[in-house]
Colleague: 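Here it is: the structure, laid out below.
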Amino acid sequence: MSRPAGLVPRMRPFTTTVFAEMSALATRTGAVNLGQGFPDTDGPASLLAGAVDAVLGGRNQYPPGPGVPELRTAVAEHQQRFWGLDVSPDDVLVTTGATEAIAAVVMALTGPGDEVVVLEPYYDSYAAVIALAGAQRRTVPLRAPDFRLTEEALRAAFSERTRLVLLNTPHNPTGTVLSRAELELVARLAVEHDAVVLCDEVYEHLVFSGAEHVPLASLPGMAERTLVTSSAGKTFSVTGWKVGWLHGPPDLVGAARAVKQFLTYVSAGPFQPAVAAALALPEEVFTGFAADLERKRDLLSEGLRAAGLAVNRCDGTYFVTADTTPLGVTDASALAWRMPELVGVAAIPVQVFCDDPAAAPTLLRFAFCKRDDVLQAAVDRLAALGPRLAA
């Protein structure tokens, strides 16, 4: 009797991630890693101390399945405080990062024959979880240099099979923050097609001067068909904690909970009360994070321009994209794999986040959530990029 075949065909494109591969290459070559989006400094001291206290205080066994009550309450209060959303703690589900929340929703609400609308470029886990569910993704292009959403492109992605819209704003990898008018367009089409919208808002507090984060759930009539996910990782620079949450209509959260309990069941028990306390920190803590990142964005962007790249608009997140065309490069993916050895800097080609191979052939994504000295070292090394390409 022959043994079963290996990985199912729909998952074969997802055997590894570009982040893991590029980080490994950066380590091997000693390159400055501006590829993977994680900070190199810790979050607030009170948050870290809260976790220590919880560990030493014995909160190390299974927490309640939906999450510890104080975190669910803190999430609800946070949503009211910052975004004016009326959320019941009973309708909050704590997850293993926003990534699990997204996976649970997609697997709970979609299956074979269903379609999920996503913005392109898209975060790579979106494609993987849609494949896990057996659904199909339909992409809506956001194109450089402004990455704006158009009605024509969005409408073309909807069909009678549209079940879910997976919306990420502030947007990774482009740094775009969707405007109220763009969100109203999404809302209108979601209602027309009776689709649920899952909003990935992990960068909700990392928005820069001149831009505003508007939760889709705050638009008229959208709370009843919108699920919202976010996490502590990006907001508080503790990406390794993997504490996320989901909230929305009870029936939709319940569907996600039914799947989530068989993914991780529960996680991060002692971190949950620490995050709950952090969500109540003064507003200047949140705005301070954003202001510091905006300064880092400017530091790196100036260095990229000095190196000869064309820098695209970035209104939020950890990331800025740059066009390599001015350096005579037509294949940024090939350049990304050479750069760690060529100049000692690692970045991610935007093309890996796209279905359309012609979508972003010359764009690189750089993470600026690093210490100033790390960013300066990257800028200094990138100054040699043009000359070495020309050599």
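Here the structure is a predicted model, which is why all the values come from computation and not from measurement.
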Colleague: Atom CD in E160, atom CD in E115: separation rounded to 0.5 Å?
Modeller: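 Result: 7.0 Å between the selected atoms.
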Colleague: For a side-chain contact (heavy atoms from CB on, under 4.5 Å) check, start with the C-alpha distance between F236 and F289, then their side-chain angles and the critical distance, and finish with the verdict.
Modeller: CA-CA 8 Å; F236 297 119; F289 287 149; 3.8 Å; yes
Colleague: Quick check for you: to the nearest 0.5 Å, what is the distance between L142 atom CG and H171 atom NE2?
Modeller: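 Taking CG in L142 and NE2 in H171, the distance rounds to 5.0 Å.
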Colleague: For the CZ atom of F353 and the OH atom of Y122, what is their distance to the nearest 0.5 Å?
Modeller: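 Result: 10.0 Å between the selected atoms.
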Colleague: For atom CD of Q261, decide whether the heavy atoms of other residues, nucleotides or ligands shown that lie under 6.0 angstrom number more than 12.
Modeller: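 Yes, the 6.0 Å shell around CD holds more than 12 heavy atoms from other groups.
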Colleague: What about V275 and F38, same hydrophobic cluster or not, with Ile/Leu/Val/Met/Phe/Trp/Tyr joined at side-chain heavy-atom distances under 4.5 Å?
Modeller: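 No, V275 and F38 fall in different hydrophobic clusters.
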Colleague: Looking at R137 and D355, is any side-chain nitrogen of the basic one under 4.0 Å from a carboxylate oxygen of the acidic one?
Modeller: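 Counted as a salt bridge, because a side-chain N and a carboxylate O are separated by less than 4.0 Å.
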Colleague: Does the plane of the ring in F286 sit parallel, tilted or perpendicular to the ring in H78? Use 30° and 60° as the thresholds.
Modeller: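 The rings of F286 and H78 sit tilted, inter-plane angle from 30° to 60°.
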Colleague: If the threshold is 4.0 Å, N to carboxylate O, is there a salt bridge linking K260 and E100?
Modeller: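 Counted as a salt bridge, because a side-chain N and a carboxylate O are separated by less than 4.0 Å.
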Colleague: Using 30° and 60° as the class boundaries, would you call the ring planes of F368 and F208 parallel, tilted or perpendicular?
Modeller: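 Geometry flag for F208 against F368: tilted rings.
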Colleague: With a 4.0 Å cut-off on N to O distance, would you call D373 and R371 a salt bridge?
Modeller: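 Here D373 pairs with R371 in a salt bridge, since their nearest N and O are under 4.0 Å apart.
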Colleague: So, do W83 and H247 have ring centers that fall under 6.0 Å from each other?
Modeller: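 Between W83 and H247, the centre distance exceeds or equals 6.0 Å.
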Colleague: Tell me if a side-chain donor or acceptor on R163 pairs with a main-chain N or O of A195 at a distance below 3.5 Å.
Modeller: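 Side chain of R163 to backbone of A195, a donor-acceptor pair under 3.5 Å: no, none is there.
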Colleague: Between R72 and D91, does any NZ, NE, NH1 or NH2 come within less than 4.0 Å of an OD or OE carboxylate oxygen?
Modeller: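 Judged by the 4.0 Å cut-off on N to carboxylate O distance, D91 and R72 do not form a salt bridge.
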Colleague: Could you measure the distance from the CG atom of D200 to the CG atom of L167? Nearest 0.5 Å is fine.
Modeller: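 Output value for this atom pair is 9.0 Å.
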Colleague: Please report the C-alpha distance between T139 and D356 in whole Å, then the side-chain angles of each, then the deciding distance to 0.1 Å, and finally whether the side-chain contact (heavy atoms from CB on, under 4.5 Å) criterion is met.
Modeller: CA-CA 9 Å; T139 59; D356 180 0; over 6 Å; no
Colleague: For T29 and E341, does a side-chain donor sit closer than 3.5 Å to a side-chain acceptor?
Modeller: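 No, no side-chain donor-acceptor contact under 3.5 Å.
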Colleague: For the pair R59 and D53, find out whether any cationic side-chain nitrogen is under 4.0 Å from an anionic carboxylate oxygen.
Modeller: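 No, no charged N to carboxylate O under 4.0 Å.
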Colleague: Any side-chain heavy atom of E283 sitting closer than 4.5 Å to one from H205?
Modeller: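 The answer is no; the side chains never approach within 4.5 Å.
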Colleague: Is the shortest heavy-atom distance from the side chain of L227 to the side chain of V196 under 4.5 Å?
Modeller: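 Yes. Closest side-chain heavy atoms under 4.5 Å.
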Colleague: Would you give the length of the straight line joining atom OG of S231 to atom CH2 of W245, rounded to the nearest 0.5 angstrom?
Modeller: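 Here the rounded value is 6.0 Å.
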Colleague: Using the rule that Ile, Leu, Val, Met, Phe, Trp and Tyr join whenever any side-chain heavy atoms are under 4.5 Å apart, tell me whether L206 and L279 fall into a single cluster.
Modeller: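 Hydrophobic grouping puts L206 with L279.
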Colleague: If you define the side chain from C-beta out and look only at heavy atoms, does anything of N312 sit under 4.5 Å from T174?
Modeller: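 The answer is no, as the side chains (C-beta and beyond) never meet within the 4.5 Å cut-off.
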Colleague: Would you name the heavy atoms of A217 and V228 that are closest together and state the gap between them?
Modeller: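 For A217 and V228, the tightest heavy-atom pair comes out as CB-CG2, 4.1 Å.
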Colleague: Examine the side chains of D372 and Q376 and answer whether a donor and an acceptor come within less than 3.5 Å of each other.
Modeller: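 No - no donor-acceptor pair under 3.5 Å links their side chains.
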Colleague: Using every non-hydrogen atom in the two residues, find where R155 and E192 come nearest and quote the distance to one decimal.
Modeller: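 The pair with the smallest heavy-atom distance is NH1-OE1, 3.3 Å.
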Colleague: With no hydrogens and no angle check, is any side-chain donor or acceptor of T176 less than 3.5 Å from a backbone partner on L178?
Modeller: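 Looks like no, no N/O pair under 3.5 Å.
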Colleague: Within the supplied structure, the quantity of interest is the number of heavy atoms (other residues, nucleotides, ligands) at a distance under 6.0 Å from E184 CD; does it exceed 12?
Modeller: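 Check passes, neighbour count above 12.
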Colleague: Could you go through I102 and L166, starting from their C-alpha distance and side-chain angles, then the distance that decides it, and tell me whether this counts as side-chain contact (heavy atoms from CB on, under 4.5 Å)?
Modeller: CA-CA 9 Å; I102 293 164; L166 180 42; 4.0 Å; yes
Colleague: For T362 and D323, does a side-chain donor sit closer than 3.5 Å to a side-chain acceptor?
Modeller: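 A donor-acceptor contact under 3.5 Å links the two side chains.
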Colleague: With a 3.5 Å distance limit and no angle check, can you tell me whether T235 reaches the backbone of A232 through a side-chain donor-acceptor pair?
Modeller: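 Answer holds: no.
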Colleague: So does R81 have more than 12 non-hydrogen atoms from other groups sitting under 6.0 Å from CZ?
Modeller: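 Check passes, neighbour count above 12.
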Colleague: Does a side chain donor of either T264 or T96 reach within less than 3.5 Å of an acceptor in the other side chain?
Modeller: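 Yes, side-chain donor-acceptor contact under 3.5 Å.
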Colleague: Which of parallel (below 30°), tilted (30 to 60°) and perpendicular (above 60°) describes F158 and H193?
Modeller: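 Rings of F158 and H193: tilted, as their planes differ by 30° to 60°.
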Colleague: D42 vs V238, test: side-chain contact (heavy atoms from CB on, under 4.5 Å). Steps then yes/no.
Modeller: CA-CA 6 Å; D42 286 330; V238 285; 5.7 Å; no
Colleague: Over all heavy atoms of both residues, which pair between V266 and P64 is shortest? Give the atoms and the distance, please.
Modeller: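 The pair with the smallest heavy-atom distance is CG1-O, 3.8 Å.
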Colleague: Do L246 and V129 share a hydrophobic cluster (ILVMFWY, side-chain heavy atoms under 4.5 Å, transitive)?
Modeller: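 In one cluster: yes.
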Colleague: When you group the ILVMFWY residues by side-chain heavy-atom contacts below 4.5 Å and let the links chain together, are V32 and I348 in the same group?
Modeller: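 Different clusters: I348 never reaches V32 through Ile, Leu, Val, Met, Phe, Trp or Tyr contacts under 4.5 Å.
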Colleague: Please check if any side-chain donor atom of N172 sits under 3.5 Å from a side-chain acceptor atom of Y318, or the reverse.
Modeller: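 No donor-acceptor contact under 3.5 Å links the two side chains.
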Colleague: Given salt bridge (charged side-chain N to carboxylate O under 4.0 Å, His left out), test E302 with R305 step by step and report yes or no.
Modeller: CA-CA 5 Å; E302 290 167 10; R305 292 188 187 96; 6.0 Å; no
Colleague: Going only through I, L, V, M, F, W and Y residues with side-chain contacts under 4.5 Å, is there a path from Y203 to L34?
Modeller: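 Hydrophobic grouping puts Y203 with L34.
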Colleague: Judged by modelled atom types alone, do D124 and T17 share a side-chain donor-acceptor pair under 3.5 Å?
Modeller: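 Result is no, nothing qualifies.
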Colleague: Determine, for K296 against D298, whether the closest basic-nitrogen to carboxylate-oxygen distance falls under 4.0 angstrom.
Modeller: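 A salt bridge is absent here (no side-chain N lies under 4.0 Å from a carboxylate O).
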Colleague: Using atom types as modelled and distance alone, determine if a side-chain donor or acceptor of R381 lies under 3.5 Å from a backbone N or O of G344.
Modeller: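 Yes; at least one donor-acceptor contact below 3.5 Å.
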Colleague: Would you say that more than 12 heavy atoms from the other residues, nucleotides or ligands in this model lie under 6.0 Å from the CZ of R257, or not?
Modeller: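 Yes.
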Colleague: What I want to check is whether the side chains of E70 and T73 have a donor and an acceptor closer together than 3.5 Å.
Modeller: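 Note: E70 and T73 side chains miss the donor-acceptor criterion.
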Colleague: Have a look at E201 and tell me which of K234, Q79, H213 forms a side-chain hydrogen bond (donor to acceptor under 3.5 Å, both in side chains) with it.
Modeller: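 Exactly one candidate clears the test, H213.
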